[in-house]
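The block underneath contains the structure these notes are about, expressed in structure tokens.
All of these numbers come straight from a predicted model, not from anything done at the bench. First the proteins, then the strands, lettered A, B, ... as listed; each starts at 1.
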There are 2 protein chains.
Amino acid sequence: MSKQKTLEPPILEANGAVVPCCPPLTAAELSAEDAERMAAMFKALADPVRLRLFSKVASHPGGEACVCDIADVGVSQPTVSHHLKKLREAGLLTSERRGTWVYYAVAPAVVAAMSAMLDLRST
Amino acid sequence: MSKQKTLEPPILEANGAVVPCCPPLTAAELSAEDAERMAAMFKALADPVRLRLFSKVASHPGGEACVCDIADVGVSQPTVSHHLKKLREAGLLTSERRGTWVYYAVAPAVVAAMSAMLDLRST
């Protein structure tokens, strides 16, 4: 079993405001530190099953889903839970236990940061 | 040595027009096939050194760079070439040999497709 660690989401504090890392890639080179952070985000989406689970949460009515809603991706329930945990550790999903189920929602600021970084039109 | 294969870029032909895959993740679930394609794109950016090289090409004046311009990321020149090859195979960079050097440029349609998929505001 590999040891897992929780990654910090790519958010920087500036004067008390939370601003997403990083500028569009055409605007400036990524620092080594920011590249480490952002590569971890991309790694979370670099698996087809994880990406499908992420898209199922993102497109679910109400913007959140429990495991019971999204488990039909052709892998076992423990594997689904493992992938959801990876997405949460990478900061891309948030989770909240309510009763029997854990509900997952997309972390909009983190996903917006990834999108903005790849938005090459804005520079 | 692992065997490498070239991935098709995530572009679909529709009525003769080239349109990028895929809709924003909030709009619809990804199909298994699209998830395979897009996960391969994200995997290409899931390494800190590759991401820094990609950002160096993207932010280089004129929008293209040769290995000689961008090799200062703390790894050997063969490793830089290996990473640039991976980015090219994933469809994120294009390359052109001119004289002694190979010049790399960002493939805008592919990167725009990744950005659009993560742009959750648009739905």
Side-chain angles (χ1 to χ4, degrees), chain A residues 22-63 65 69-70 72-75 90 92 105-123, chain B residues 22-63 65 69-70 72-75 90 92 105-123:
Chain A
C22 307
L25 286 172
T26 38
E29 281 180 28
L30 275 181
S31 69
E33 190 185 23
D34 286 344
E36 287 278 351
R37 289 178 173 192
M38 295 308 294
M41 311 284 119
F42 287 118
K43 193 170 183 181
L45 296 182
D47 177 276
V49 173
R50 272 207 298 281
L51 190 54
R52 282 184 73 196
L53 288 169
F54 186 72
S55 90
K56 278 173 177 280
V57 172
S59 63
H60 203 260
D69 294 321
I70 57 174
D72 58 332
V73 287
V75 297
L92 295 176
V106 169
V110 177
V111 179
M114 294 173 74
S115 177
M117 210 181 79
L118 295 172
D119 187 357
L120 309 184
R121 296 164 304 178
S122 61
T123 49
Chain B
C22 306
L25 287 173
T26 39
E29 283 179 27
L30 276 180
S31 69
E33 190 185 22
D34 285 344
E36 287 279 352
R37 289 179 175 192
M38 295 308 293
M41 309 287 117
F42 287 118
K43 193 169 182 181
L45 297 183
D47 176 276
V49 172
R50 270 207 299 280
L51 191 52
R52 283 184 74 195
L53 287 169
F54 186 73
S55 91
K56 278 174 177 280
V57 172
S59 63
H60 203 261
D69 293 320
I70 58 174
D72 57 333
V73 287
V75 297
L92 296 177
V106 170
V110 177
V111 179
M114 295 174 73
S115 177
M117 210 181 76
L118 295 172
D119 187 357
L120 308 184
R121 297 163 303 176
S122 61
T123 51

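- For the atom pair CE (A:Met38) and CZ (B:Arg52), the distance works out to 15.0 Å, reported to the nearest 0.5 Å.
- Listed options A:Ser31, A:Ala32, A:Ala35, A:Ala46 were ranked by heavy-atom pairs under 4.5 angstrom with chain B; first place goes to A:Ala46.
- Of all the listed residues (B:Ala58, B:Pro108, B:Ala28, B:Gly63), the one sharing the greatest number of non-hydrogen pairs under 4.5 Å with chain A is B:Ala58.
- With A:Thr26 contributing its side chain and B:Ser59 its backbone, the two residues share no donor-acceptor pair below 3.5 Å.
- With a 4.5 angstrom heavy-atom cutoff, B:Val106 touches chain A only via side-chain atoms.
- Under the salt bridge (charged side-chain N to carboxylate O under 4.0 Å, His left out) criterion, B:Lys56 pairs with A:Glu29, B:Asp72, not counting sequence neighbours.
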Taking it one step at a time, do B:Leu45 and A:Leu118 satisfy side chain to side chain contact (heavy atoms under 4.5 Å, CB included)?
-> CA-CA 11 Å; B:Leu45 297 183; A:Leu118 295 172; 3.8 Å; yes
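- Contact annotation: the side chain of A:Leu51 never approaches that of B:Met41 to less than 4.5 Å [non-hydrogen atoms, C-beta and beyond].
- To the nearest 0.5 Å, the span separating CZ on B:Phe42 from CZ on A:Arg50 amounts to 12.0 Å.
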